[in-house]
Amino acid sequence: MEIIKADVAIVGAGGAGLRAAIALAEADPKLRIALISKVYPMRSHTCAAEGGAAGVIKSDDSLDLHFSDTVGGGDWLSDQDAVEYFINEAPKELTQLEHWGCPWSREADGSVAVRPFGGMKIKRTWYAADKSGFHILHTLFQTSLKYPSIQRFDEYYATDLLVEDGRCQGLTALEIRSGEMKQFQAGAVIIAAGGGGKMFPFTTNGNIKTGDGMALAYRAGTPLKDMEFVQYHPTGLPNNGILLTEGCRGEGGVLFNKDGRRYLQDYGMGPETPIGQPVLKTMELGPRDRLSQAFWGEQKKGNTVKTPWGDCVLLDMRHLGEKKIDERLPLVRDLCISYLGMDPVKEPIPIRPVVHYMMGGIHTDVQAATRLPGLFAAGECACVSINGANRLGSNSLTELLVFGRRAALSAIAHLQSNQVPSSDTALAAKAKESQNRIQALFDKSNGTESISGLRQEMMDTMEENVGIYRTGEGLAAACEKIAELRQRYANITLTDKTHVYNTDLMQALELGSMLDCAEAVTVGARDRKESRGAHQRLDFTARDDENLLKHSLAHYHPTEPPRIEYLDVVVTKSKPGVRDYSGAKK
Amino acid sequence: MSELQQRQIQLEVLRYNPETDTAPRYQTYSVPCLEEWVVLDALNYIKDHLDPTLSYRWSCHMAVCGSCGMMVNGEPKLACKAFIHEYKEGQIKVEPMANFPIERDLVTSVEDFITKLASVKPYLIPKEDKPVSAGEFKQTPAELKKFKQYTLCINCMLCYAACPQYALVPEFLGPAAISMAHRYNQDSRDGGRDQRQEVIASDEGVWECSFVGACSEVCPKHVDPAGALQQIKVASTIDWYKEHLMPWMKK
Ligand SMILES: Cc1cc2nc3c(=O)[nH]c(=O)nc-3n(C[C@H](O)[C@H](O)[C@H](O)COP(=O)(O)OP(=O)(O)OC[C@H]3O[C@@H](n4cnc5c(N)ncnc54)[C@H](O)[C@@H]3O)c2cc1C
Ligand code: SF4
Ligand code: FES
């Protein structure tokens, strides 16, 4: 097996991975950086983010306000020390991107423009029309080309971490083009492999978001945190889950039920605000969890619109006018026309909530360090946690930058502790184990399970039982089903036994990752007997701060369900309170 | 809202696996397609229900990641933006992108493009030094507008698949890489034009480009690479004159 030596290996070249790579290259040009990604960097799903990135820059705003919006938005499950660090670094990171050429939208005087976003009390979301993530990703990728010390391994699929002497010292990865396994030896590893929304059938997440990075860390023995918190975005296109950014509502779009009622006022987000005059943190500018839950309520009451793609409500943007829509939301218009055949300038668009983001992920501390020495994590795959029980829109893109950089700095500090690597033979033996695991998939010829079949069963289970509202009974059934699927996974068969660009093999490995993550989600959800943020239980409807102001940590077991441990939330200055999204009332 | 229409489509897909095939071949799959589907949905149907060995790239399914470029009935298209209802015949031919080596099935090599993109220094080379602590560079909406269009490139490479010049002269930097150089040249914050110009002016392809505009026609993001090429060529010509005929004039 070929051995590739690096000082730091990064798994994932989306926003978080690229930011980490650049921070490493800038800190010390002599560092050997291996940037490993299963797709070319610009294909990473950061490209799909539309709305923008939050950071305090305007004089009417303050760090304290961004702090309280974030902590309240997260239903007090965020670690407040992490939020504080995040808020402080956010403006610097967004300005840094500006210096790297990011084409942020501008005010007439040439300063960076900001737009309103759900759950934010002040306009503080930097945007590049409605292609913010796309521009952030391309700016980072193109900037990374400046640094010769960033060596890219594009289309390499990471399979296992190499853990020896209690430290992470590298990983194995398949070169997809050849099917060959490579061993990366590294003093530190940063995982920045994105989320895992693909375990659900109806999602804004791209094909690559299969929780691989979470599963890598989890299988290596470091826990996943708060996995039960899965965010639904209230406005997805009903036929394929394509996202219509929160910017639609930020710019003034409103939501109607089948009777033309602004139904959000019936769910504690009113009183109704005049059309075309959105009020921050009120009605359509409430947080995502609340809006998605309101949809569910309307569905139960029979107030939704019937469409060929199921129940919907209507997002009306017509009053914004063609000029504003084309200037601020060009992609949204294009997506509606192309994929739904409807023009938001002329008609209201049917939408429904769609699985969007995982608040949970690899447990890290404020330094982006996991419990496994030598292993760091950042981006959607990590859980620091700033997002708590419900992420506020536009905090995630900023998080990629802040904690991507932080992970890089921590990795450097770890290198400076000068620990002697384990022997080559010991590491090679670990790598061999990983290779054998893949080889076994090729050797087996009597498997009875199909990859797409198991995947479908997993997605159906998640959709049915682990959605916007959950019950103890449904979750118990889901836990049982996912455990069964994990067992049956041992019997899958590869149809494709060749090596070059074997996407059948990729799908098999991705299914394995998703099943591991799905089990952490379902078990975490079953055991969390309260309702908080995006985790809503019909059998435990109240938040329980006395017992559950705690993070859940899921510990991996190869054949059994995970063991769940609880960890106190870090509270510094904001005691749990009531989430109030009826700003106009006061 | 009307019910969803379904239609049986014959997908004729180019297959090639270097380990088992001596030459590319075609395989036809019969797929029950919804009219609202895109070609990518049909390929996913094949992968999940008919033949797991088919390989192709995709991720976003919303025409923004640039992974899924291929030839659909002979035209360079994003598979996630090639709508079934636009193909009235019952048959659709799907092949890997033209002008690139095939790795396997519908997967073509991206390396040449990435190398070319990197060669034009597609990053901001700031005109003035300014620390982050001093805040943002000012840029008016009008200044932004000057280059905004060229930032929209998703690196899908469809323009290369359409470009007659790239087919003839593989060294040609090509439409997207040149547009990206132009993007930074036009950015009010940038001062790196001279460095990029060295690379571009020495590319014979730029001078040979006949402006048939095939690249702009197939571009799914309306980047108009042909326009960028034209502008950059004019600017290069002016440079040349200034240098050779009017050396007393500053660039
Ligand atoms: C449609 C959409 C819109 C959004 N809009 C916003 C918004 O407006 N504002 C906001 O703040 N947030 C938004 N988000 C959330 C935000 O975009 C994501 O959370 C964020 O982009 C994730 O970035 P990342 O770097 O963690 O991962 P990604 O960009 O997903 O990158 C993951 C990387 O990991 C690599 N990888 C994965 N597995 C492996 C493996 N096994 N081996 C090797 N490499 C691997 C991939 O190749 C990829 O390079 C949006 C999300 C979606 C889906
Ligand atoms: S210029 Fe257009 S066609 Fe060419 S790579 Fe960019 S987006 Fe694709
Ligand atoms: S799948 Fe992303 S562009 Fe088609």
Side-chain angles (χ1 to χ4, degrees), chain A residues 39-40 42-45 47-48 57 92 95-96 98-101 103-112 131 134-135 138 142-143 145-146 154 177 206-208 239-240 242-243 306-309 331 335 338-341 350 450-452 455-456 494-496 498-504 507, chain B residues 1-4 17-20 36 38 41 47-49 51-67 81 83 103-105 107 110 114 117-118 121-124 126 130 132-133 135-141 143-144 147-148 151-155 180 184 187 189-190:
Chain A
V39 294
Y40 280 86
M42 63 282 188
R43 316 300 186 211
S44 303
H45 206 57
C47 72
I57 180 171
K92 293 180 225 163
T95 307
Q96 174 65 76
E98 196 279 330
H99 284 218
W100 284 332
W104 295 118
S105 293
R106 303 284 177 157
E107 309 283 3
D109 71 350
S111 62
V112 167
K131 297 171 183 151
F134 168 81
H135 287 301
H138 281 253
Q142 290 167 9
T143 302
L145 296 171
K146 267 200 301 208
D154 297 331
R177 182 176 303 129
N207 185 41
I208 63 169
N239 50 349
N240 50 24
I242 289 178
L243 177 80
K306 304 279 172 228
T307 76
W309 314 282
L331 180 65
L335 292 170
S338 300
Y339 292 99
L340 204 62
S450 91
I451 296 162
S452 61
R455 190 173 53 215
Q456 192 61 49
L494 288 185
T495 312
D496 188 347
T498 64
H499 298 87
V500 173
Y501 230 95
N502 183 340
T503 46
D504 193 28
Q507 291 197 339
Chain B
M1 281 170 219
S2 58
E3 281 307 299
L4 301 175
N17 183 331
E19 275 171 88
T20 52
E36 64 167 11
V38 288
D41 295 316
K47 181 94 183 156
D48 286 352
H49 302 283
D51 186 354
T53 68
L54 180 65
S55 277
Y56 50 97
R57 291 189 183 99
W58 72 286
S59 177
C60 70
H61 197 291
M62 55 185 278
V64 68
C65 77
S67 309
K81 226 184 170 185
F83 293 91
E103 303 231 33
R104 169 173 178 174
D105 297 341
V107 178
V110 182
I114 297 276
L117 179 68
K121 302 185 194 282
Y123 38 79
L124 201 80
K130 182 171 172 177
V132 167
S133 55
E136 81 247 54
F137 289 102
K138 296 276 190 230
Q139 182 165 67
T140 63
E143 286 170 328
L144 173 63
F147 68 93
K148 183 72 202 249
T151 64
L152 299 179
C153 172
I154 61 172
N155 299 354
M180 201 46 75
Y184 282 101
D187 191 319
R189 299 165 290 184
D190 186 85

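Atom set for the values below is all heavy atoms of this structure, side chains included, hydrogens, waters and symmetry mates excluded. Numbered from 1 within each chain, the chains take letters A, B, ... in sequence-line order. Source: prediction; values computed, not measured.
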Please classify the contact between [X] and chain A as side chain, backbone, both or neither, with a heavy-atom cut-off of under 4.5 Å.
X: Glu103(B); value: both
X: Ile114(B); value: side chain
X: Val107(B); value: side chain
X: Asn17(B); value: side chain
X: Pro141(B); value: both
X: Tyr56(B); value: backbone
X: Lys121(B); value: neither
X: Ser133(B); value: neither

I'd like to know which of [options] tops the heavy-atom pair count under 4.5 Å against chain A.
options: Ser67(B), Ala63(B), Pro126(B), Ala118(B); answer: Ser67(B)
options: Val110(B), Leu144(B), Asp187(B); answer: Val110(B)
options: Trp58(B), Tyr184(B), Phe147(B); answer: Trp58(B)
options: Lys148(B), Met180(B), Lys138(B), His49(B); answer: Lys138(B)
options: Ile154(B), Leu117(B), Asp190(B); answer: Ile154(B)

Distance, nearest 0.5 Å, that separates [atom1] of [X] from [atom2] of [Y]:
X: Gln139(B); Y: Ser105(A); atom1: CD; atom2: OG; value: 10.5 Å
X: Ser450(A); Y: Asp48(B); atom1: OG; atom2: CG; value: 8.5 Å
X: His61(B); Y: Asn207(A); atom1: NE2; atom2: CG; value: 10.0 Å
X: Leu54(B); Y: Asp496(A); atom1: CG; atom2: CG; value: 10.0 Å

Counting heavy-atom pairs under 4.5 Å with chain B, which one of [options] comes out on top?
options: Thr143(A), Asn239(A), Val39(A); result: Asn239(A)
options: His138(A), Glu107(A), Lys92(A); result: His138(A)
options: Lys146(A), Arg43(A), Met42(A), Gln142(A); result: Arg43(A)
options: Pro103(A), Ala48(A), Gly206(A), Gly110(A); result: Gly110(A)

>> Between Lys47(B) and Ser452(A), is there a side-chain heavy-atom distance shorter than 4.5 Å?
In response: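 Not in contact.
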> Run the side-chain contact (heavy atoms from CB on, under 4.5 Å) check on Asn240(A) and Met62(B) step by step: do they pass?
Replying inline: CA-CA 10 Å; Asn240(A) 50 24; Met62(B) 55 185 278; over 6 Å; no
For [X], is it the side chain, the backbone, both or neither that has a heavy atom under 4.5 Å from a heavy atom of chain B?
X: Phe134(A); value: side chain
X: Leu335(A); value: side chain
X: Gln456(A); value: neither
X: Ile451(A); value: neither
X: Tyr339(A); value: both
X: Ala108(A); value: backbone

Closest approach of [X] to [Y] (non-hydrogen atoms, all atoms of both residues):
X: Thr95(A); Y: Gly135(B); answer: CG2-C, 3.6 Å
X: His45(A); Y: Ser59(B); answer: ND1-OG, 4.4 Å
X: Leu145(A); Y: Pro122(B); answer: CD1-CG, 3.6 Å

Say whether, by atom type as modelled, one donor and one acceptor occur between the side chain of [X] and the main chain of [Y] under 3.5 angstrom.
X: Glu19(B); Y: His499(A); value: yes
X: Glu136(B); Y: Val112(A); value: yes
X: Arg189(B); Y: His99(A); value: no

> Looking just at side-chain N and O atoms, do Thr151(B) and Lys131(A) make a donor-acceptor pair shorter than 3.5 Å?
Replying inline: no
>> Quiz question: by atom type and distance under 3.5 Å, do the side chains of Thr53(B) and Thr495(A) form a donor-acceptor pair?
In response: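 There is no such pair (donor and acceptor under 3.5 Å, judged by atom type) between the side chains of Thr53(B) and Thr495(A).
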>> Run the side-chain contact (heavy atoms from CB on, under 4.5 Å) test on Tyr501(A) and Arg57(B) for me, step by step, so that the C-alpha distance in whole Å, both residues' side-chain angles and the decisive distance to 0.1 Å come before the verdict.
In response: CA-CA 10 Å; Tyr501(A) 230 95; Arg57(B) 291 189 183 99; 3.1 Å; yes
